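Attaching a single structure in structure tokens format; questions to follow.
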Amino acid sequence: MTSTSSAGTTTTVTAAASGRWTLGDLPVNRIGFGAMRLPQTGGALVPDAVPRDRDAALAVLRRAVDLGVNHIDTAAFYFSPLRSANELINSALAPYADDLVITTKVGPARDLTGQWAAHARTPEALRGQVEENLRQLGRDHLDVVNLRIVGTDSIAERFGALAELRQAGLIRHLGLSNVSPAHLAEAQAIAPVVCVQNRYGLGMRSKDDAFVQDCGAQGIAFVPYYAIAAAGGEAGATGAEPAEVLAVAQAHGVGPAEIRLAWTLHQGPHVLAIPGTGDPGHLEANVAAGALSLSEDELKLLDGLHRSATTG
């Protein structure tokens, strides 16, 4: 997205307009890029996904970096029959810029056919996933690794295994995904946590509002996924947008997705966004959303929607 000055010149809004946060000792712009949708078109994380055109995927990654994105979220289990998100990132962006932070996650697993397999729960399985990410990305260490879990079981053994890999120099910083406040406290007793990546967004999981703010109070980044897709999840945004979102979008001359991202960033300076897309136009709009300033009245309207229409 571009803006025109009074002098008639045009400028492109970059990710720097969203502000900055630090993951451990790694500064990032608050608008990042999520790679989940990059390997395919249509729904993600399904065995029969339609692979995205390779050159188009590489071009989107390079354009994201050109627009100031320096935080990319990925995983080894982000792939379609012909495309791997990690391999695309490696091909498009290596040798990596010094300020580029690549965050990945371990725990979930898919077999070679794309079907889901059992989560990695042992130190050996987790190390294997870390090493797989290292190979695919062409790195000698991973900037940030999120332990993604399912359920309410203790994460001490799994997080402890990653903490040992951090001590060994394979991982720089650790995070968590799909966790509760109790999981965060359990992990912090073992090693520092720089981010929490949970499902959250406008009209989604308002019960976690306090957790979002508590992360900020502790200096921990909160990185919501599906901030645009909301209930659509892996399938992307579905269904009609609420009137409140449409009204605010019209007032700013943007689409509903940008308003959802702007609302997300307004939840605190520690809240990051990682919208993903394979479309260059959507990419520019997502990045430009970091510059949107919502008024108190607009936030009040959207907050009311959030509390009343929450799902998940």
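Given the structure is predicted, the values throughout are model-derived calculations rather than measurements.
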* To do: Nearest 0.5 Å please: distance from the CD1 atom of Ile274 over to the OG1 atom of Thr74.
  =>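 With rounding to 0.5 Å, CD1 (Ile274) is 10.5 Å from OG1 (Thr74).
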* Asked: Does any non-hydrogen side-chain atom of Thr22 lie less than 4.5 Å from one of Val28?
  ->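 Side-chain contact under 4.5 Å: no.
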* Asked: Distance only, no hydrogens: is a donor on one side chain within 3.5 Å (strictly under) of an acceptor on the other, for Gln267 and Gln213?
  ->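 Judged by distance alone, the side chains do not pair up.
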* Asked: Please walk me through it: do Arg83 and Glu87 pass side chain to side chain contact (heavy atoms under 4.5 Å, CB included)?
  -> CA-CA 8 Å; Arg83 304 281 178 262; Glu87 187 277 325; 5.9 Å; no
* **Shared hydrophobic cluster, Ile102 / Val194 (ILVMFWY, side-chain heavy atoms < 4.5 Å)** =>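 No; tracing contacts between hydrophobic side chains, which count when under 4.5 Å, never links both residues.
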* What pair of heavy atoms forms the shortest contact from His252 to Ser293, and how long is it? ->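 What the structure gives for the nearest pair is CE1-O, 3.3 Å.
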* Would you mind reporting whether Asn146 and Thr103 have side-chain heavy atoms less than 4.5 Å apart? =>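 The answer is yes, as the side chains (C-beta and beyond) meet within the 4.5 Å cut-off.
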* Just checking, any donor-acceptor pair under 3.5 angstrom between side chains of Asn178 and Gln197? -> no
* With rounding to the nearest 0.5 Å, note down the distance linking CG in Leu302 to CD1 in Ile259. => 7.5 Å
* To do: Would you indicate whether the side-chain heavy atoms of Lys105 and Val145 approach each other to under 4.5 Å?
  =>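 With C-beta onward as the side chain, the pair stays apart.
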* Going through the checks in order, is the side chain to side chain contact (heavy atoms under 4.5 Å, CB included) test met by Leu202 and Thr264? -> CA-CA 7 Å; Leu202 176 59; Thr264 297; 5.8 Å; no
* To do: Please determine if Arg199 and Asp208 form a salt bridge, counting it only when a charged side-chain N lies under 4.0 Å from a carboxylate O.
  =>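 Between Asp208 and Arg199 there is no salt bridge, as every charged N stays at least 4.0 Å from the carboxylate O atoms.
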* Quick one: do the Gln218 and His270 side chains pair a donor with an acceptor below 3.5 Å? -> no
* Should the pair His306 and Trp263 be assigned to parallel (<30°), tilted (30 to 60°) or perpendicular (>60°) ring geometry? ->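 Tilted: the ring planes of His306 and Trp263 meet at 30° to 60°.
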* Could you tell me whether a side-chain N or O of His266 sits under 3.5 Å from a main-chain N or O of Leu294, the two making a donor and an acceptor? => yes
* To do: With side chain to side chain contact (heavy atoms under 4.5 Å, CB included) as the test, would you mind laying out the steps for Leu38 and Tyr78 before giving the verdict?
  => CA-CA 8 Å; Leu38 202 59; Tyr78 289 172; over 6 Å; no
* For Arg37, does its backbone N or O pair with a side-chain atom of Arg52 as donor and acceptor, under 3.5 Å? ->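 Yes, Arg52 side chain to Arg37 backbone: donor-acceptor pair under 3.5 Å.
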* Asked: Are the charged groups of Glu131 and Arg127 less than 4.0 angstrom apart, N to O?
  -> yes
* **Within one Ile-Leu-Val-Met-Phe-Trp-Tyr cluster: Ile149 and Val223, side-chain cutoff 4.5 Å** => no
* How many angstroms lie between atom NZ of Lys300 and atom OG of Ser295, to the nearest 0.5 angstrom? ->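 Nearest 0.5 Å value for the NZ-OG distance: 11.5 Å.
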* Asked: Say you draw a straight line from CZ of Phe79 to CG of Leu45; how long is it, rounded to the nearest 0.5 Å?
  -> 9.0 Å
* Say whether Thr104 and Asn133, considering side chains only, have a donor N or O and an acceptor N or O under 3.5 Å apart. =>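 Distance-only check passes for Thr104 and Asn133.
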* Close side-chain approach of Tyr225 and Asp73, heavy atoms under 4.5 Å ->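 Of all side-chain heavy-atom pairs linking Asp73 with Tyr225, none is under 4.5 Å.
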* To do: Answer yes if Val101 and Phe33 sit in the same cluster of Ile, Leu, Val, Met, Phe, Trp and Tyr residues linked by side chain heavy atoms under 4.5 Å apart, and no otherwise.
  =>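 No, it is not one cluster - the side chains of Val101 and Phe33 are not joined through contacts under 4.5 Å.
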* Does a side chain donor of either Thr113 or Asp111 reach within less than 3.5 Å of an acceptor in the other side chain? ->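 Yes.
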* **Atom pair OG/CD of Ser84 and Glu132 - distance to nearest 0.5 Å** =>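 Reported to 0.5 Å precision, the distance equals 8.5 Å.
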* Are any non-hydrogen side-chain atoms of Arg166 and Leu170 less than 4.5 angstrom apart? ->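 Not touching, per the 4.5 Å side-chain cut-off.
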* SB check Arg158 Glu186 (cutoff 4.0 Å) ->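 No, Arg158 and Glu186 are not salt-bridged.
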* Structure fact -> Nearest heavy-atom contact between Pro108 and Gln129 is O-NE2, 3.1 Å
* Asked: Where do Ala64 and Leu283 come nearest, in terms of heavy atoms and distance?
  -> N-CD2, 3.6 Å
* Closest heavy-atom contact between Ala35 and Ile89? ->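 Looking at all heavy atoms of both residues, the closest pair is CB-CD1, 4.2 Å.
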* Say whether Thr12 and Glu284, considering side chains only, have a donor N or O and an acceptor N or O under 3.5 Å apart. => no
* Asked: Any chance NE2 of His282 has more than 12 other-residue heavy atoms, nucleotides or ligands included, within less than 6.0 Å?
  ->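 At most 12 heavy atoms, drawn from other residues, nucleotides or ligands, come within 6.0 Å of this atom.
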* Asked: Are Asp25 and His173 close enough that a side-chain donor and a side-chain acceptor fall under 3.5 Å?
  -> yes
* Asked: What's the shortest heavy-atom distance between Ala49 and Pro51, and which atoms?
  ->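 Heavy atoms only, the tightest pair is O-CD, 3.3 Å.
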* Asked: Do Ser18 and Asn29 have side-chain atoms, one donor and one acceptor, less than 3.5 Å apart?
  ->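 Short answer, no.
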* Asked: Do Leu23 and Leu100 share a hydrophobic cluster (ILVMFWY, side-chain heavy atoms under 4.5 Å, transitive)?
  -> no
* Asked: Are the side chains of Ser177 and Leu147 in touch, meaning some heavy atoms are under 4.5 Å apart?
  -> no
* Look only at the side chain of Gln167 and the backbone of Glu164, and say whether a donor-acceptor pair between them is shorter than 3.5 Å. => no
* Contact check, side chains of Arg54 and Leu88, non-hydrogen atoms, under 4.5 Å ->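 They are in side-chain contact.
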* Salt-bridge contact Arg205-Asp209 (side-chain N to carboxylate O under 4.0 Å) ->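 Asp209 and Arg205: not salt-bridged.
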* Do Leu265 and Leu272 belong to the same hydrophobic cluster, where Ile, Leu, Val, Met, Phe, Trp and Tyr are linked whenever their side-chain heavy atoms lie under 4.5 Å apart, directly or via other members? -> no
* Is the charged tip of Arg30 near the ring of Trp21: under 6.0 Å from the six-membered ring centre and within 45° of its axis? -> no
* To do: Indicate the atoms forming the closest heavy-atom contact of Ala251 with Glu298, along with that distance.
  =>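 Reported closest heavy-atom pair: CB-OE2, 4.1 Å.
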* Asked: Does the side chain to side chain contact (heavy atoms under 4.5 Å, CB included) test come out yes or no for Ile171 and Val130, once each step is laid out?
  -> CA-CA 8 Å; Ile171 300 171; Val130 167; 4.1 Å; yes
* Asked: Quick one: are Asp48 and Ser80 in side-chain contact, heavy atoms under 4.5 Å?
  ->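 Sidechains of Ser80 and Asp48: no contact.
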* Can you measure from CG (Asn90) to CG (Asn86) and round to the nearest 0.5 angstrom? =>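 Nearest 0.5 Å value for the CG-CG distance: 8.5 Å.
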* Name all residues meeting the salt bridge (Lys or Arg N to Asp or Glu O under 4.0 Å) criterion together with Arg121; count only those two or more places apart in sequence or in a different chain, and write none if there are none. => Asp153
